[in-house]
Undergrad: 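Dropping the structure in here first, questions after.
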Amino acid sequence: MIDRALFKLPGARSMIMGLVGLDVLQALLIIGQALFLSQSITGLWQGHALKTVAGPIAYFALCFIGRQLINWFNARRLDDFAGSVAKDMRKQLLQKVFALGPEAVAKKGTGSMVTVTLDGISNVEDYLQLTLSKIVTMMITPVMILIAVAFLNWQSAAIMLVIYPLIILFMIILGYAAQTRADRQYENFQRLSNNFIDSLRGIDTLKYFGLSKRYSNSIFKSSESFRKSTMDVLKVAMLSTFALDFFTTLSIAIVAVYLGFGLIDAEIPLFPALATLILAPDYFLPIRNFANDYHATLDGKNSFRDVMEIVGQKQAPAPEFKLHAWQADDQLEINDLAFRYHEGGKIAPLSVRLRGYQKVGIIGMSGSGKTTLINLLAGFLTPEQGEIKFQGQTSATMNIADWQHQITYIPQSPYVFAASLRDNVAFYTPGVSDEEVKDAIHVVGLDDLLADLPAGLDTMIGGGKRALSGGQAQRIALARAFLDHKRRVMIFDEPTAHLDIETELDLKERMLPLMENRLVFFATHRLHWMKKMDYILVMDHGQLVEQGTYQELLAKNGYFTKLIQQTKGEGEQDVQ
């Protein structure tokens, strides 16, 4: 139930020491509560006046109140501690994910990563709250109660001592069975999360090719697998809870029967027998609570393991280069750059030489490696081999802070934040004036959108607010780039892949002026962009098969010409 890594969390040891001290005090109050209650009942049974037992009754009330106050205080401290740890853990997790980049997300799966970040951290918080208190209480309270019972009636203490390990053994057996099923259920949940996210992302494509109904069978199978694994966990959880409740109740009954026969035979006085009987349920209560919460903490334990695995991933230190903003006489030389995913595609060794302000087109069919190359150039992925030279310095990766600080990255689907139009456009340049924001909106052709918004620049968009089309989202991303005059490197990853041709051509007119006096990497499968590029990289199945200017590639009559011939039926090569 408990992971050793819990003890390495900041503040965990001091929290446990505090719990130990409070649980010792609580155990003493439980014993005192039983003794004073037994004394009061015994005195009344023997015919004493109520005022003669007023003292024990008052002490019993104080012990009871003290016990409840400790429970409340422990819960309060655990809530604060778990909340603080969960907050720090989420921060560390997000920082690590951003540091590792798309490679880590692709390896884990987007749905699984989102689940770990949101639900997983909440599960870890519950795991901390339940685990620490239950473990410490189970280690202290039964031992102190057993010692107290030994002084009252050693035969009852011996019975309780013999029964306790048997309950623990039974709990361990059921625990292993529950752990196996819980691990399987957690894996199914991660698989379902990834499947769900991938389905949402590709629903338009599936509908376009008429495969949405057929793909629904895959979703049904995934959800059914998760349902069955969840029911398996619930069955084991209900069985183990019933069994442990049954055995602990039976154990208390055995003690009660033994004490009853002792009272009948006048071998045991009423006071120790009654005190022992009152203490017996509290003796078994910690292990019952531990067993009941065991199943509730399995998801938390798995989530904690996943979070610590991600946070603990080693990352190659980024080179500490000092780079100036990209200038017209700077050079970028890439030699034998190669990359391979853990599962799937790869980029074969490639070499490229670029200089100054150029518009570099990266062309190829879907799956040719354009996005992987873009991620390598942006520093999101770490190459397996290769040498990169720029501004007179040599590196094995583009993951350099000064390089990434001068990059404007525009993906296929730019993110629109749940904020005002002004804040979305000025996201990278928050200090700009409203006039500058409106100028950017005008340049990218969003004047009609601004005119339709009831509150103008203050209108909330994104996050379920004002809906935007794909073209409008792309224009907002372009407006962000227009406002940022310091970044001289632009990276586009198929920015018009999901747009109709009319919207794309309109955006093309807006985008080309923004590319002037910048180093631009433009990945696309739309060939009409290539006429506007200064240099072209042609990708095919992870290999750089051709490179050169538009006219040079046409003269070679190679793969680039073949791509043009394949798209002739669409007339795309004629689009200016």
Side-chain angles (χ1 to χ4, degrees), residues 325-330 332 354-363 370 374 377-378 405-414 416 421-422 424-429 431-451 457 468-537 549-551 572-576:
W326 190 262
Q327 298 177 359
D329 57 347
D330 286 331
L332 175 62
L354 303 171
R355 181 183 180 88
Y357 300 137
Q358 285 185 289
K359 296 188 287 293
V360 182
I362 304 174
I363 190 71
K370 300 187 300 297
I374 283 291
L377 293 171
H405 287 164
Q406 55 185 297
I407 290 176
T408 298
Y409 177 70
I410 301 180
Q412 293 184 25
S413 303
V416 178
L421 177 62
R422 177 195 296 103
N424 267 282
V425 172
F427 184 77
Y428 297 119
T429 52
V432 297
S433 64
D434 286 358
E435 288 71 19
E436 291 175 292
V437 172
K438 290 179 179 179
D439 287 342
I441 289 174
H442 174 71
V443 168
V444 299
L446 283 176
D447 293 324
D448 291 340
L449 173 64
L450 180 61
L457 293 177
L468 299 177
S469 66
Q472 289 171 333
Q474 287 289 358
R475 293 171 195 268
I476 287 177
L478 290 174
R480 293 170 183 164
F482 176 81
L483 281 176
D484 194 340
H485 303 292
K486 296 181 180 179
R487 299 174 187 258
R488 312 308 298 176
V489 181
M490 301 185 74
I491 295 180
F492 296 84
D493 183 13
E494 303 236 24
T496 60
H498 304 302
L499 304 180
D500 59 81
I501 191 64
E502 291 81 6
T503 303
E504 180 176 0
L505 292 177
D506 185 47
L507 268 178
K508 184 178 180 181
E509 295 180 2
R510 313 279 181 175
M511 292 168 67
L512 289 173
L514 298 180
M515 299 180 187
E516 298 299 326
N517 297 322
R518 282 182 168 92
L519 174 62
V520 179
F521 296 98
F522 194 96
T524 183
H525 64 275
R526 304 285 180 86
L527 285 162
H528 66 83
W529 285 92
M530 295 302 104
K531 289 186 177 181
K532 303 298 182 181
M533 297 293 115
D534 302 316
Y535 200 76
I536 301 172
L537 308 178
T549 65
Y550 187 83
Q551 295 302 326
E572 185 177 327
Q573 76 281 6
D574 296 325
V575 178
Q576 299 299 320

Undergrad: Atom CD in Q474, atom CG in L468: separation rounded to 0.5 Å?
TA: 11.5 Å

Undergrad: If I compare all heavy atoms of M490 with all of L514, which pair ends up nearest, and what's the gap?
TA: SD-O, 3.6 Å

Undergrad: Would you say the side chain of Y409 lies within less than 4.5 Å of the side chain of I374, judging by non-hydrogen atoms?
TA: yes

Undergrad: Take R488 and L519 through the side chain to side chain contact (heavy atoms under 4.5 Å, CB included) test and state the conclusion after the steps.
TA: CA-CA 6 Å; R488 312 308 298 176; L519 174 62; over 6 Å; no

Undergrad: Pair R480, I410 - check side chain to side chain contact (heavy atoms under 4.5 Å, CB included), show working.
TA: CA-CA 10 Å; R480 293 170 183 164; I410 301 180; over 6 Å; no

Undergrad: Is any side-chain heavy atom of R355 closer than 4.5 Å to a side-chain heavy atom of D329?
TA: yes

Undergrad: Which distance, rounded to the nearest 0.5 Å, do you find between the CD1 of I491 and the CD1 of I407?
TA: 4.0 Å

Undergrad: Atom OG1 of T524 and atom NZ of K370: how far apart are they, to the nearest 0.5 Å?
TA: 7.5 Å

Undergrad: Short question: side chain of Q406, backbone of W326 - any donor-acceptor pair under 3.5 Å?
TA: yes

Undergrad: Output yes when a side-chain donor or acceptor of R475 lies under 3.5 Å from a complementary backbone atom of V444, and no otherwise.
TA: yes

Undergrad: Start with the C-alpha distance between K532 and F522, add both sets of side-chain angles, then the distance that settles side chain to side chain contact (heavy atoms under 4.5 Å, CB included), and finish with yes or no.
TA: CA-CA 11 Å; K532 303 298 182 181; F522 194 96; over 6 Å; no

Undergrad: What distance do I363 atom CD1 and H525 atom NE2 have between them, rounded to the nearest 0.5 Å?
TA: 8.0 Å

Undergrad: As an exercise, state the distance from CG of D447 to NE2 of H442, rounded to the nearest 0.5 Å.
TA: 5.5 Å

Undergrad: Going by heavy atoms in the side chains, are K508 and W529 under 4.5 Å from each other?
TA: yes

Undergrad: Taking E436 for its side chain and S433 for its backbone only, find out whether a donor-acceptor pair lies under 3.5 Å.
TA: yes

Undergrad: Heavy-atom distance under 4.5 Å between the side chains of I476 and L421, does that happen here?
TA: yes

Undergrad: Is there a side-chain contact between I362 and F492 in this structure, where contact means two heavy atoms from C-beta onward sitting under 4.5 Å apart?
TA: no

Undergrad: Compare all side-chain heavy atoms of V520 with those of M533 and state whether any distance is below 4.5 angstrom.
TA: no

Undergrad: Do the non-hydrogen side-chain atoms of H485 and T429 ever get within less than 4.5 Å of each other?
TA: no

Undergrad: If we ignore hydrogens and angles and just use 3.5 Å, is the side chain of R518 paired with the main-chain N or O of R487 as donor and acceptor?
TA: yes

Undergrad: About how many Å separate CD1 of I441 and CG of D448, when rounded to the nearest 0.5 Å?
TA: 12.0 Å

